[in-house]
Student: 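Pasting a structure below so you can have a look.
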Amino acid sequence: MKKQFAAFFVLSSIAFSVIAQQKFDGLNMNMGNIYRTSDAKTRSISPENFNGEKGKGGMATIGTGAGPSRELGQKWKVSPSVVIKKHTIYTVAEIDGPGAIQHIWMTPTGNWRYSILRFYWDDETSPSVEVPVGDFFCMGWGRFAPVTSLAVVVNPGSGLNCYWPMPFHKKCRITMENIDDRDMVLYYQVDYTLTDVPKDAGYFHAQFRRVNPLPFKKDYVLVDSIRGKGQYVGTYMAYGSNKNGWWGEGEIKFFMDGDTEFPTINGTGTEDYFNGAYDFDSQTKNQAGVEVGHYTEFSGPYTGLPQVIRGDGHYDIAERFGLYRWHIMDPVRFDKDLKVTIQDLGWHGDGRYMPLQDDIASVVFWYQSEPHNPFPKLPAKDQLEVN
């Protein structure tokens, strides 16, 4: 027994020593490894350093801040932002890898549905991310609401932050298209690291869809074109109720790896999927002492109902909602394919379920090996409009 214990101790010590001697690549950052040093190189792209080059920040002599800095000159906030002309595409970042994006901050002016973000990995010509900027940052209704989650943080008054890790092997390119009839201003910063990336690292993907109104008795399709191996990691929905009643009885369904009529994963209700319960209700008493229900906003690390846009003031009825659910600790893994749908379901007055025809927009987030299937065509400008 002593010999067995001694052998186990020696092997454990060797294993620990091997792990301890492995170089840290600067990825997978958390409080448990923040103290570890690395050969990874930290870089950042902004209007003050368009290419993220070492020692090349703050060199601008022209830019959107040239007027305010005219008496101070170079180094004094000469180029804090860019103007993206109407109907043009601007390259936000172009990075040679290997490496990984670790944080993105933006504050765009104008209509957030009319500014389209696209991400391209390595040498692909079909984007892996194609999403209106507001929806990408959980602001699908074009109005500010505070979000405090692990993947997305939105701070007053329009500080849009993304913390999804985005590794790439060869190259990264990020663009923003302004499809509006007016110019817009964009402040931004893309923080990334140059380092070796694991061979099994999947590429980050995000896809937008909108249907208004949803056809009667039809499921809303969050995504149906994923082919390859990877994991589904998040859902954002901008949900517009076209009736005054409760809208969240619909079940989410994950069809994976050859599922046809019936899915492998089947939820129990919309608010259940977003990890709430009983209509996101909190009971309070009115002046007459009668208990009344109210939608209750919340924002947590993995789930949230951060935005509730209420009615016209005559009724305490919520009409539009923003919801997110991040599968960070419980990714939905697939080997070959994935389709995700959700029902739009409320109640008849006599206690029967009522199929609804609501205004639903969504962004789904996932990682997968490339190549990916081309995305459905983005809705036209009029179909993107928030009203």
Side-chain angles (χ1 to χ4, degrees), residues 26 29 34 37-120 129 132-134 136-137 139 142-144 146-147 152-166 168 171-195:
M29 297 305 303
I34 193 67
T37 60
S38 170
D39 290 333
K41 305 298 182 185
T42 297
R43 297 290 183 264
S44 183
I45 287 175
S46 75
E48 288 285 13
N49 190 345
F50 289 113
N51 299 312
E53 295 177 89
K54 184 180 181 303
K56 294 295 181 70
M59 296 179 65
T61 56
I62 59 172
T64 57
S69 66
R70 60 188 177 274
E71 295 179 358
L72 298 173
Q74 194 178 35
K75 303 181 184 179
W76 289 91
K77 201 170 181 177
V78 177
S79 180
S81 60
V82 296
V83 176
I84 304 180
K85 297 291 186 180
K86 62 182 181 181
H87 307 301
T88 62
I89 297 175
Y90 174 75
T91 298
V92 174
E94 197 156 7
I95 306 166
D96 290 327
I101 295 172
Q102 296 180 305
H103 170 244
I104 298 173
W105 165 84
M106 287 185 171
T107 180
T109 67
N111 189 320
W112 294 346
R113 271 281 169 86
Y114 296 162
S115 301
I116 312 301
L117 274 174
R118 294 184 179 90
F119 292 43
Y120 302 82
V129 172
V133 68
F136 185 81
F137 292 96
M139 295 289 105
R143 302 187 191 180
F144 166 79
V147 176
V152 174
V153 175
V154 180
N155 297 321
S158 59
L160 312 179
N161 295 270
C162 166
Y163 289 92
W164 291 112
M166 305 179 193
F168 53 93
K171 188 177 181 180
C172 160
R173 182 164 62 95
I174 301 173
T175 67
M176 180 176 284
E177 181 179 9
N178 178 12
I179 66 171
D180 205 349
D181 296 326
R182 297 175 294 177
D183 298 347
M184 63 168 291
V185 177
L186 179 67
Y187 294 80
Y188 66 92
Q189 192 139 357
V190 179
D191 301 318
Y192 61 99
T193 187
L194 298 175
T195 187

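FYI, side chains are in, hydrogens and waters are out, and symmetry mates aren't considered; it's all heavy atoms of this structure.
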Student: Mind listing the closest non-hydrogen atom pair of Ser69 and Val78 along with its distance?
Tutor: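 Scanning both residues, the minimum pair turns out to be OG-CG2, 3.5 Å.
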Student: Report yes if some heavy atom in the side chain of Val152 is under 4.5 Å from a heavy atom in the side chain of Trp164; otherwise report no.
Tutor: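 Result yes, sub-4.5 Å side-chain heavy-atom pair found.
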Student: Stepwise, does the side chain to side chain contact (heavy atoms under 4.5 Å, CB included) test hold for Thr64 with Val185?
Tutor: CA-CA 9 Å; Thr64 57; Val185 177; 5.6 Å; no
Student: Would Met139 and Leu160 count as a side chain to side chain contact (heavy atoms under 4.5 Å, CB included) here? Give the steps.
Tutor: CA-CA 9 Å; Met139 295 289 105; Leu160 312 179; 4.1 Å; yes
Student: Taking Asn49 for its side chain and Pro47 for its backbone only, find out whether a donor-acceptor pair lies under 3.5 Å.
Tutor: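 Not a single qualifying donor-acceptor pair exists.
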Student: Run the numbers on Phe50 and Val82 for side chain to side chain contact (heavy atoms under 4.5 Å, CB included), then give the verdict.
Tutor: CA-CA 10 Å; Phe50 289 113; Val82 296; 3.8 Å; yes
Student: Looking at residues at least two apart in the chain, or sitting in another chain, which of them share a side-chain hydrogen bond (donor to acceptor under 3.5 Å, both in side chains) with Ser79?
Tutor: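 Partners of Ser79 under the side-chain hydrogen bond (donor to acceptor under 3.5 Å, both in side chains) test: none.
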Student: Using every non-hydrogen atom in the two residues, find where Ile101 and Phe168 come nearest and quote the distance to one decimal.
Tutor: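 Minimum heavy-atom separation between Ile101 and Phe168: N-CE2, 4.0 Å.
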Student: Testing the basics here: between Ile179 and Arg113, what is the closest heavy-atom pair and its distance to 0.1 Å?
Tutor: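 Between these two residues, the closest heavy atoms are CD1-O, 4.5 Å.
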Student: Judged by atom type as modelled, is there a donor-acceptor pair below 3.5 Å linking the side chain of Gln189 to the main-chain atoms of Trp105?
Tutor: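 Between the backbone of Trp105 and the side chain of Gln189 there is no qualifying donor-acceptor contact (under 3.5 Å).
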Student: Of the non-hydrogen atoms in Ala60 and Glu48, which two are nearest, and what is the gap between them?
Tutor: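 Looking at all heavy atoms of both residues, the shortest contact is CB-OE1, 4.2 Å.
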Student: Report yes if the side chains of Pro156 and Phe144 come closer than 4.5 Å at any heavy-atom pair, otherwise no.
Tutor: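 Yes. Closest side-chain heavy atoms under 4.5 Å.
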Student: Which residue pairs satisfy the salt bridge (Lys or Arg N to Asp or Glu O under 4.0 Å) criterion with at least one member in residues 69-92, sequence neighbours excluded?
Tutor: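 Found Lys85-Asp183.
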Student: Would you confirm whether Asp180, through its side chain, and Met184, through its main-chain N or O, come within 3.5 Å as a donor-acceptor pair?
Tutor: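 Here the side-chain-to-backbone pair does not exist.
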Student: Do Phe136 and Pro132 touch side chain to side chain, with heavy atoms closer than 4.5 Å?
Tutor: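 With C-beta onward as the side chain, the pair stays apart.
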Student: Going through the distances and angles, do Lys171 and Ile95 end up as a side chain to side chain contact (heavy atoms under 4.5 Å, CB included)?
Tutor: CA-CA 6 Å; Lys171 188 177 181 180; Ile95 306 166; over 6 Å; no
Student: Show the nearest heavy-atom pair for residues Ala40 and Gly26, with the distance to one decimal.
Tutor: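 It is CB-CA, 4.2 Å.
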Student: Are Ser44 and Asp191 linked by a side-chain donor-acceptor pair shorter than 3.5 Å?
Tutor: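 Present: a donor and an acceptor within the cut-off.
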Student: Sequence neighbours left out, what pairs pass ring pair (Phe, Tyr, Trp, His ring centres under 6.0 Å) with at least one residue falling in residues 60-104?
Tutor: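 The answer is His103-Tyr163.
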Student: Side chains of Asn155 and Asn161, heavy atoms from C-beta outward: is any pair under 4.5 Å?
Tutor: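 Yes - at least one pair of side-chain heavy atoms lies under 4.5 Å apart.
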Student: Taking Gly99's backbone N and O only, do any of them form a donor-acceptor pair with Thr193's side chain (distance below 3.5 Å, no angle check)?
Tutor: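 No; zero donor-acceptor contacts below 3.5 Å.
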Student: Would you say the side chain of Ile45 lies within less than 4.5 Å of the side chain of Tyr188, judging by non-hydrogen atoms?
Tutor: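 With C-beta onward as the side chain, the pair touches.
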Student: Please examine the side chains of Met106 and Met176, heavy atoms only from C-beta on, and report whether any two atoms are closer than 4.5 Å.
Tutor: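 They are in side-chain contact.
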Student: Just verifying a value: how many Å separate Gln102 CD and Thr195 OG1, rounded to the nearest 0.5 Å?
Tutor: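 Rounded to the nearest 0.5 Å, the CD-OG1 separation comes to 9.0 Å.
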Student: Please check: side-chain N/O of Thr91 versus main-chain N/O of Thr175, any donor-acceptor pairing under 3.5 Å?
Tutor: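 Such a contact is absent between Thr91 side chain and Thr175 backbone.
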Student: Report yes if some heavy atom in the side chain of Glu177 is under 4.5 Å from a heavy atom in the side chain of Ile84; otherwise report no.
Tutor: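 No; the side chains remain at least 4.5 Å from each other.
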Student: Classify the side-chain pair Thr107/Ser158 by whether it contains a donor and acceptor separated by less than 3.5 Å.
Tutor: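 Ser158 and Thr107 do have a side-chain donor-acceptor pair below 3.5 Å.
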Student: Can you name the nearest heavy-atom pair linking Val154 to Phe137, along with the distance?
Tutor: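 Looks like CG2-O, 3.3 Å.
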Student: Cation-pi between Arg43 and Tyr192: NZ/CZ under 6.0 Å from ring centre and within 45° of the ring axis?
Tutor: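 Here Arg43 fails the 6.0 Å and 45° test against Tyr192.
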